[in-house]
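Below is one structure, written out as structure tokens, with a few remarks after it.
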Amino acid sequence: VQLQACGGGLVRAGSSLRLSCLASGRSYVMGWFRQAPGKEREFVAGISRNGDSAYYADSVKGRFTISRDNAKNTLYLQMNSLKPDDTAVYYCAASSYAHTNYADKNEYAYWGQGTLVTVSS
């Protein structure tokens with residue numbers, strides 16, 4: 001499965017952005033991770049194959065929403081009330097099997113190339 005993420009950009013604090021990730025085929029659990037300069041890649045959000053279960057990092061809960069459209073093989077991340085601390089390269093990821101360890105990056109076999117989100121204060 002190949003993943004192509006897009007939708008990043010430069011926005012002001014308080015703004016919204018929607019990231020998209022197009023997958024070349026069907027996948028099971030999908031997720032979003034991010035990596036800020038000088039920091040390790042961290043979990044943002046994950047979603048089950050049929051979309052009925054989602055899990056979020058505490059830092060984005062209530063502001064970000066993950067969703068997927070399996071008919072379009074596309075994963076989304078709606079980001080509202082963006083903060084400067086959200087500045088990072090955002091990566092989409094996909095698993096080749098069903099699991100509930102959404103936050104464990106080792107469970108994801110496929111990764112997109114990343115899209116940069118910059119939030120100015």
Side-chain angles (χ1 to χ4, degrees):
V1 176
Q2 292 183 325
L3 304 174
Q4 181 73 32
C6 64
L10 171 62
V11 297
R12 291 187 176 184
S15 300
S16 298
L17 273 178
R18 189 175 81 157
L19 306 182
S20 299
C21 175
L22 177 64
S24 62
R26 298 178 68 180
S27 57
Y28 290 84
V29 173
M30 297 189 77
W32 289 98
F33 289 75
R34 67 186 182 186
Q35 187 166 17
K39 296 187 177 181
E40 292 195 1
R41 192 170 299 188
E42 65 174 7
F43 170 76
V44 175
I47 190 168
S48 61
R49 182 176 186 179
N50 60 9
D52 64 348
S53 179
Y55 184 68
Y56 298 91
D58 287 344
S59 59
V60 306
K61 202 172 294 183
R63 299 187 298 122
F64 291 9
T65 302
I66 188 171
S67 62
R68 64 191 296 170
D69 184 338
N70 288 335
K72 297 181 179 178
N73 287 336
T74 303
L75 175 73
Y76 302 100
L77 184 67
Q78 178 66 42
M79 305 185 295
N80 298 329
S81 302
L82 282 161
K83 304 175 181 180
D85 283 349
D86 295 318
T87 295
V89 176
Y90 283 71
Y91 298 89
C92 56
S95 297
S96 57
Y97 54 90
H99 65 82
T100 57
N101 299 322
Y102 296 110
D104 186 349
K105 55 181 175 287
N106 295 313
E107 295 282 9
Y108 298 86
Y110 310 104
W111 292 84
Q113 85 290 359
T115 184
L116 177 62
V117 173
T118 304
V119 184
S120 64
S121 57

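Just so you know, these numbers come straight off a predicted model, no measurement behind them. These numbers come from the heavy atoms of this one structure, side chains and all, not from hydrogens, waters or symmetry mates.
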On a heavy-atom basis, which atom in Gln78 and which in Ser16 lie closest, and how many Å separate them? NE2-CB, 3.9 Å

For residues Lys105 and Trp111, determine if any side-chain heavy atom of one lies less than 4.5 Å from a side-chain heavy atom of the other. yes

What pair of heavy atoms forms the shortest contact from Ala13 to Ser121, and how long is it? CB-CA, 4.3 Å

Do Lys61 and Asp58 pass the salt bridge (Lys or Arg N to Asp or Glu O under 4.0 Å) test, and can you show the C-alpha distance, the side-chain angles, and the key distance before you say yes or no? CA-CA 5 Å; Lys61 202 172 294 183; Asp58 287 344; 3.1 Å; yes

Are side-chain heavy atoms of Thr65 and Tyr56 found at a separation under 4.5 Å? yes

Mind checking side chain to side chain donor-acceptor pair (under 3.5 Å) for Gln113 and listing every partner two or more places apart, or none if nothing turns up? none

Could you grab the distance from atom CG of Leu3 to atom SG of Cys92, nearest 0.5 Å is fine? 4.5 Å

Test Val60 against every option in Leu82, Leu77, Val44 by the side-chain contact (heavy atoms from CB on, under 4.5 Å) rule and name the one that passes. Val44

Could you see if Trp32 belongs to whatever hydrophobic cluster contains Val117? Use Ile, Leu, Val, Met, Phe, Trp, Tyr and a side-chain cutoff under 4.5 Å. yes

Check: Ser59 and Arg34 side chains under 4.5 Å, non-hydrogen atoms: yes

Between Tyr108 and Val29, is any pair of side-chain heavy atoms under 4.5 Å apart? yes

Within this structure, what is the CD1-CE distance for the pair Ile66 and Met30, rounded to the nearest 0.5 Å? 8.0 Å

Mind checking the OG1-CG spacing from Thr87 to Leu116? Nearest 0.5 Å is all I need. 8.0 Å

Flag yes if Phe43 and Val89 sit in one hydrophobic cluster, no otherwise; membership is Ile, Leu, Val, Met, Phe, Trp, Tyr, and two members link when side-chain heavy atoms are under 4.5 Å apart. yes

Verify same cluster id: Tyr110, Tyr90 (apolar side-chain graph, 4.5 Å): yes

If you look at every heavy atom in Ala103 and Phe33, which pair is closest and at what distance? O-CE2, 3.8 Å

One should read off an interatomic distance between Met79 CE and Phe64 CZ, to the nearest 0.5 angstrom, of 5.5 Å

Rounded to the nearest 0.5 Å, what's the gap from CD on Glu107 to OH on Tyr97? Could you check? 3.5 Å

Please check if the number of heavy atoms outside Glu42 that lie under 6.0 Å from its CD is greater than 12. yes

Got a sec, which residues hit side chain to side chain donor-acceptor pair (under 3.5 Å) with Ser53, two or more places apart in sequence or on another chain? Tyr102

Between OG of Ser95 and CZ of Arg49, what distance do you get to the nearest 0.5 Å? 11.5 Å

Is there a chain of hydrophobic side chains (I, L, V, M, F, W, Y, each step under 4.5 Å between heavy atoms) that links Leu75 to Val1? yes

